[in-house]
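Right, one structure below, let's go through it.
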Amino acid sequence: MSEIAEAKKAARARIRSARSTLDVAESARRADALGRVLEEHVPARARVAAYLPMAHEPDVRPFLTRHLRRGGQVLLPRVADDPVPRLEWVSWAAQSETRRHPVLPLDEPVGHAQTLSDVLAEGPLQMLLPALAVDTSGHRLGQGGGYYDRMFAEVEAADLREQVSAWAVVGPEEVLPAGSFPVEPHDLAVDAVVTPEGLRRLR
Ligand SMILES: Nc1nc2c(c(=O)[nH]1)N(C=O)[C@@H](CNc1ccc(C(=O)N[C@@H](CCC(=O)O)C(=O)O)cc1)CN2
Ligand SMILES: Nc1ncnc2c1ncn2[C@@H]1O[C@H](COP(=O)(O)OP(=O)(O)OP(=O)(O)O)[C@@H](O)[C@H]1O
């Protein structure tokens with residue numbers, strides 16, 4: 001493994017370990033506060049592409065439920081590794097079924113999926129990206145699959161970056177000064193970061 005990849009791995013381990021010490025009451029308080037921040041900043045009509053939280057990731061589900069109730073649309077990702085590793089997107093309703101991924105520690109939506117290009121052909125998209133940390137230049141440290149980076153490389157190649165508003169979702173202590181974790185050329189830059197304390201624009 002390259003030196004940079006090793007350093008990213010160490011940063012991920014540090015943040016995952018800190019996340020695992022958050023108690024249940026504090027996690028619930030954060031999910032509630034995060035819901036209020038997102039409800040304030042995401043227009044009711046927006047199409048939102050989000051995620052189902054795994055392993056202590058910020059819980060966006062209270063917001064997603066409220067967004068559906070106010071008439072918004074929600075899409076969730078599913079890993080499709082054949083023929084190449086990529087994400088596909090499934091439209092989400094309150095009673096939709098989920099299934100455990102056979103290898104990765106996450107639940108995924110079941111049903112008809114679209115590529116992100118198909119989704120973007122229908123109009124602009126508000127993306128809420130899972131992350132372990134974000135620096136103040138907008139760089140994002142993810143779980144290490146490279147799925148979001150590859151997806152954004154495609155979006156940029158198709159000249160569709162302007163169609164996407166990309167917000168990373170992390171805890172307040174995970175917004176870090178630039179240089180706190182290694183950044184590679186392929187790492188996507190987000191437009192803003194959202195925490196239970198509020199939204200901060202980064203570019
Ligand atoms: N909630 C959520 N959904 C998501 C992502 C995410 O980060 N969060 N993804 C973002 O890309 C994709 C899934 N990618 C993932 C990549 C790595 C690991 C992970 O835990 N890796 C462990 C080893 C896991 C194992 O093999 O058991 C590791 O790297 O240590 C999880 C998800 C799509 N869905
Ligand atoms: N645009 C790309 N083209 C090809 N490979 C890529 C691209 N972006 C990332 N990768 C590869 O994916 C792997 C993981 O990248 P990285 O550590 O940056 O993931 P991450 O951003 O934390 O993950 P994720 O986006 O899934 O949350 C690396 O081996 C990297 O080289």
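In each ligand, atom 1 is the first atom listed, and ligand 1 is the first ligand listed.
Judged by the shortest distance from any of its heavy atoms, Arg16 lies inside the 4.0 Å radius around the atoms of ligand 1.
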Q) Run the salt bridge (charged side-chain N to carboxylate O under 4.0 Å, His left out) check on Glu122 and Arg47 step by step: do they pass? A) CA-CA 10 Å; Glu122 292 166 4; Arg47 280 196 310 162; 3.2 Å; yes
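Within the 4.0 Å heavy-atom criterion, neither part of Leu132 lies near ligand 2. Looking at Leu52 against ligand 1, only its backbone comes within 4.0 Å, counting heavy atoms. Proximity of His101 to ligand 1, defined as any heavy-atom pair under 4.0 Å, is not found for any part of the residue. Neither the backbone nor the side chain of Glu108 has any atom closer than 4.0 Å to an atom of ligand 1 (non-hydrogen atoms only).
Nearest residue to atom 8 (N) of ligand 1 from Glu57, Gln143, Lys8, Arg12 is Glu57 (criterion: closest heavy atom).
One hydrophobic cluster, built from ILVMFWY side chains closer than 4.5 Å, holds both Val119 and Val79.
For Arg70, the CZ atom is densely surrounded, since the number of other residues' heavy atoms within 6.0 Å is greater than 12.
Counting Ile, Leu, Val, Met, Phe, Trp and Tyr side chains that sit under 4.5 Å apart, directly or through other members, Leu132 shares a hydrophobic cluster with Ile15, Leu141, Leu176, Phe181, Val183.
Under a 4.0 Å criterion applied to the non-hydrogen atoms of Leu87, ligand 1 contributes the atoms 33 (C).
Protein heavy atoms are found inside the 4.0 Å sphere centred on atom 10 (C) of ligand 1.
Formation of a donor-acceptor pair under 3.5 Å by the Arg140 side chain with backbone atoms of Asp149 is not found in this model. For the pair Arg161 (side chain) and Glu156 (backbone), a donor-acceptor distance under 3.5 Å is absent.
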